[in-house]
Every structure is written in structure tokens, then in C-alpha cells.
Amino acid sequence: MRPSALLACLLLLAGTIASQAAPRPRCADAAVKQAEKLLAFHSDNDDRARVDPDSVKAIGTVGALAGKGRFDVIEVEGSIYKGEYRMHLIYAQIPGDCVLMGQEILERSDPY
């Protein structure tokens, strides 16, 4: 196969893969705003705190503590100076509404 034909095939394949990217999760915008608040609270309003809006992804669901309900879990990444953080925002599965039910923040670090 000629190099130009190979390049064309690779570009076509890359375009196909990119078009199949996961859709933005429901409540993604609300999760980014809440992640900004959570990171600011966690850092005592350090002005170096940043949230990456392109990092938003749905990572599954968790069961309610009471009953049989489920909650959506959205992950957002952020940073403060040299520290990197992962935040999980937990939302009720209510169509047309984004009701925050819980949140967690963890620093990406190796304690060893």
C-alpha cells in the first residue's frame, strides 16, 4: 500500500473513533460548577485551584442508602498548584433536574 493511501486510511479510522466518543453526561455542567466549589472549599479558596471541564465523565451509579434507588456518579478532575484531585459528584436520577446527593474529593498521590 502506498504511504499516502495508508495515511488516508489512518485519518479515516481516527475520524470514526473520534465520532464515537462518549456523550457528555447528564448534569455535567452542574458537576463542573459543584467541583469548583468543592475544590475551593477544600483548598480554603486558594486562587490556584482549577477544574478541568473537559475531564467530565460518567463513571456509573451507586445504590441509595435506603430503598432501591440509584444515583449517577460523575467524575471531574482538578488541581491546586502541584496537587491533582479527582472529585465524584453524586446526583439523583430525576429526569430534567440535577439534584446533588453527595460528593467526594481525593488527591492523586502515592502514600509510599
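In what follows, every heavy atom counts, from backbone to side chain, and hydrogens, waters and symmetry copies are set aside.
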Worked check of side chain to side chain contact (heavy atoms under 4.5 Å, CB included) between Arg24 and Asp29: CA-CA 9 Å; Arg24 194 157 166 87; Asp29 294 336; 3.1 Å; yes

Counting distance only, does the side-chain N/O of Ser79 pair as donor-acceptor with the main-chain N or O of Glu84 below 3.5 Å? no

Disulfide bond (SG atoms under 2.5 Å apart) contacts in which one or both residues fall within residues 34-88, not counting sequence neighbours: none

Leu89: which of Val32, Val56, Leu100 passes side chain to side chain contact (heavy atoms under 4.5 Å, CB included): Leu100

What pairs of residues pass the ring pair (Phe, Tyr, Trp, His ring centres under 6.0 Å) test when at least one of them lies in residues 80-105, not counting sequence neighbours? His42-Tyr85

Residues at least two apart in sequence or cross-chain that pass side chain to side chain donor-acceptor pair (under 3.5 Å) with Gln93, listed by chain then number, are Asp72

Listed by chain and number, what are the salt bridge (charged side-chain N to carboxylate O under 4.0 Å, His left out) partners of Asp97, not counting sequence neighbours? none

To which residues is Val73 joined in a hydrophobic cluster, defined by side-chain heavy-atom contacts under 4.5 Å among Ile, Leu, Val, Met, Phe, Trp and Tyr, whether direct or through other members? Ile59, Val62, Phe71, Ile90, Ile94, Val99, Met101

All salt bridge (charged side-chain N to carboxylate O under 4.0 Å, His left out) counterparts of Asp46, not counting sequence neighbours: Arg48

Evaluate side chain to side chain contact (heavy atoms under 4.5 Å, CB included) for Glu77 paired with Arg108, printing each intermediate quantity in order. CA-CA 10 Å; Glu77 295 182 8; Arg108 288 189 191 278; 2.9 Å; yes

Where do Leu39 and Ile80 land on the side chain to side chain contact (heavy atoms under 4.5 Å, CB included) test, with the steps shown first? CA-CA 8 Å; Leu39 197 56; Ile80 306 167; 3.6 Å; yes

Residue list, salt bridge (charged side-chain N to carboxylate O under 4.0 Å, His left out) with Arg86, at least two apart or on another chain: Glu75

Quick test of your reading: applying disulfide bond (SG atoms under 2.5 Å apart), list the pairs with at least one residue in residues 64-95, sequence neighbours left out, ordered by first then second residue. none

Among residues two or more places apart or on two chains, list those pairs meeting disulfide bond (SG atoms under 2.5 Å apart) that have a residue in residues 39-112. Cys27-Cys98

For Gln34, which residues count as a side chain to side chain donor-acceptor pair (under 3.5 Å) partner, sequence neighbours excluded? Gln103

Quick one: hydrophobic cluster around Leu106, which other residues, with the 4.5 Å side-chain cut-off, linked directly or via members? none

By salt bridge (charged side-chain N to carboxylate O under 4.0 Å, His left out), Arg50 pairs with (sequence neighbours left out) none

